[in-house]
Number of protein chains: 2
Amino acid sequence: MSDGPQPQTGQSLLFLTDEQLRKGIEAMFFAYRGFTADPDRILEEKSYGRAHHRAIHFIHRSPGTTVNNLLSILGVTKQSLNRVLRTLIEDGLVASTVGKKDKRERHLHLTPEGAVLERALSDAQRDRMRAAYRTVGPDAVAGFRQVLEAMMDDQTRHHYEAMKDRTE
Amino acid sequence: MSDGPQPQTGQSLLFLTDEQLRKGIEAMFFAYRGFTADPDRILEEKSYGRAHHRAIHFIHRSPGTTVNNLLSILGVTKQSLNRVLRTLIEDGLVASTVGKKDKRERHLHLTPEGAVLERALSDAQRDRMRAAYRTVGPDAVAGFRQVLEAMMDDQTRHHYEAMKDRTE
DNA sequence: AACAATACGTCAGCTTTGTTGACATTCCAA
DNA sequence: TTGGAATGTCAACAAAGCTGACGTATTGTT
């Protein structure tokens, strides 16, 4: 493989050149920074980090989820999640209730206060995404989602697809 | 704003519902994990991290770049970059040469050994992206790139556009 | 009833990668 | 020649990941 111009089997494969793939890699890197920039500013004021944001996001999306479930969605260890979860519970943003059927489990919910922060964070993040979506239009958005889904690990994709999506 | 179904101004704006935007946010989160998973495995063997990968990537893309320029591309402090850069130079993967015109500047290049690692890392990352691109086709890829570019900060987009792209 | 497995929490210690602040050196330019 | 810019280095710290070990409560299995 070389960085230089390559013989193409057809014009339709031009998007698979090393150069184009590199541009895609860089686009992911740079875009992810923008993607997290707005919530990061809000989190900094409250002395929280991205890990708190992720926990809040997925507790909002799956109210009543267990610690174990959240662990596998986030892909971190229980020690790592516990540190974050403990501060959120202490600060009254997350409620942890003993399982009814299985008392070993803890079910996680956002408190009203937690929901307020969740809303602020996701508003900030959605604003940027909404602006991007408006700029490029529905067809580009569909392509965007398709590529992202295709880039996920199989196991991750299951988590992704399990999240509710009322438009489908 | 509410999570529930919302009155639409038209069918064409269905993709701007909170739910759809949330799905986009989750897609970014999950896809970014997949995006970094393959190079991470290679880096772990060599006791390097993602910060090393990023430095290597952009030194490869802009040979002879200065430390200051790299700083602004990566968006980190000089102290943070220096730590990474120092190990790469010690390990013989990166060469730092005093500037000819301005001797305060250091120009960074990959050594042959550094180029070998760069190739291994980017091959791994490109393989996944290539597979995704093949799955979804050129139109979706174009949309993917458009959305990512629209999500970047203005300053970041300048860096992105400054990177060479021989197909444009 | 005894035992094994599961879910969760916690302690201790370590790593990577980011941050500030302080300070020295080198060099260009006014 | 003096001021500012670019670089490098030291120290200290924080966020957020990791492993390993251990304790407790609960549940499932034999």
Side-chain angles (χ1 to χ4, degrees), chain A residues 29 32-33 36-37 39-59 64-91 94-109, chain B residues 29 32-33 36-37 39-59 64-91 94-108 121:
Chain A
F29 169 65
Y32 201 80
R33 257 205 334 226
T36 57
D40 279 355
R41 272 188 284 273
I42 296 172
L43 291 159
E44 203 187 9
E45 292 170 18
K46 319 230 177 220
S47 301
Y48 289 138
R50 239 173 249 181
H52 300 83
H53 185 188
R54 292 196 282 266
I56 288 172
H57 176 98
F58 286 110
I59 291 171
T65 184
T66 64
V67 173
N68 247 7
N69 186 45
L70 197 51
L71 240 45
S72 75
I73 289 172
L74 295 174
V76 298
T77 60
K78 63 173 180 173
Q79 293 93 328
S80 200
L81 177 59
N82 185 258
R83 179 171 36 200
V84 165
L85 226 39
R86 188 168 36 197
T87 71
L88 291 174
I89 291 169
E90 279 171 4
D91 294 353
V94 167
S96 167
T97 59
V98 173
K100 211 173 174 182
K101 196 180 155 193
D102 185 337
K103 291 175 190 167
R104 291 170 303 180
E105 295 179 340
R106 299 299 134 87
H107 296 289
L108 304 170
H109 296 267
Chain B
F29 169 65
Y32 201 80
R33 258 205 333 225
T36 57
D40 280 355
R41 273 187 284 273
I42 295 172
L43 290 160
E44 204 187 8
E45 293 169 17
K46 319 230 177 219
S47 301
Y48 289 138
R50 239 174 249 181
H52 300 83
H53 184 186
R54 292 197 283 265
I56 288 171
H57 176 97
F58 286 109
I59 292 171
T65 185
T66 64
V67 174
N68 245 12
N69 185 44
L70 198 51
L71 240 45
S72 74
I73 290 171
L74 294 174
V76 298
T77 59
K78 62 175 179 173
Q79 293 91 330
S80 199
L81 176 59
N82 186 257
R83 179 171 33 205
V84 165
L85 226 39
R86 188 170 36 199
T87 70
L88 291 175
I89 292 169
E90 279 171 4
D91 295 353
V94 168
S96 167
T97 59
V98 173
K100 211 172 175 185
K101 194 180 155 194
D102 184 339
K103 291 176 189 165
R104 291 169 302 181
E105 294 180 341
R106 301 298 135 88
H107 297 287
L108 304 170
L121 290 169

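So that the names make sense, note that chain A is the first sequence line, chain B the second, and so on, each numbered from 1.
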Assign each of B:T66 and A:V76 the nucleotide of DNA chain D bearing its closest heavy atom; nearer the 5' end lies the nucleotide of B:T66

A:H53 has an atom NE2; how far is it from atom C1' of D:dA15, in whole Å?
16 Å

Which heavy-atom pair separates B:K103 from B:V98 by the least distance, and what is that distance?
O-CG1, 3.3 Å

Could you check whether A:R83 gets within reach of a base, just the sugar-phosphate, or nothing at all, counting any heavy atom under 4.0 Å?
base

Once you round it to whole Å, what is the distance between C1' of C:dC8 and CG of A:L70?
13 Å

Please tabulate the protein-to-nucleotide N/O contacts below 3.5 Å involving nucleotides 20-30 of chain C, giving atom names and distances.
| residue | atom | partner | partner atom | Å |
| --- | --- | --- | --- | --- |
| C:dG21 | O6 | B:Q79 | NE2 | 3.1 |

Can you measure A:H107 atom NE2 to C:dG9 atom P for me and round it to whole angstrom units?
12 Å

Within a strict 4.5 Å, meaning less than it, do heavy atoms of the B:T36 and B:R50 side chains meet?
yes

Correct closest heavy-atom pair for B:A55 and B:L88 would be CB-CD1, 4.1 Å

Without decimals, in angstroms, what is the distance between B:L81 CG and C:dT19 C1'?
14 Å

Give a yes/no answer on whether the side chain of A:N68 brings an N or O atom under 4.0 Å of OP1 or OP2 in C:dT6.
no

Could you check which of D:dT9, C:dA7, D:dA6 has an atom nearest any side-chain atom of B:N82?
D:dT9

Heavy-atom pair with the smallest gap, counting every atom of B:L121 and B:P39:
CD2-O, 3.8 Å

Phosphate contact (C:dT17 OP1 or OP2) by B:H52 side-chain N/O below 4.0 Å
yes

Interatomic distance where CD belongs to A:E44 and C1' belongs to C:dT19 [whole Å]:
10 Å

In this structure, how many angstroms lie between the P atom of D:dA15 and the CG atom of A:L88, rounded?
13 Å

Can you check side-chain hydrogen bond (donor to acceptor under 3.5 Å, both in side chains) on A:T87 and A:D91, steps first, answer last?
CA-CA 6 Å; A:T87 71; A:D91 294 353; 5.0 Å; no

Euclidean distance, atom CG of residue A:L71 to atom P of C:dG9 [Å, nearest integer]
10 Å

List for me each residue that meets ring-ring contact (aromatic ring centres under 6.0 Å, His included) alongside A:F29, sequence neighbours excluded, and say none if there are none.
B:F58

Check: A:S72 side chain, A:N69 main-chain N or O, donor-acceptor pair, under 3.5 Å:
yes

I want to verify a distance call: between C:dC8, D:dA16, C:dT17, whose nearest atom is closest to the B:A51 side chain?
C:dT17

Between P on C:dT16 and CZ on B:R86, what's the gap in Å once rounded to a whole number?
13 Å

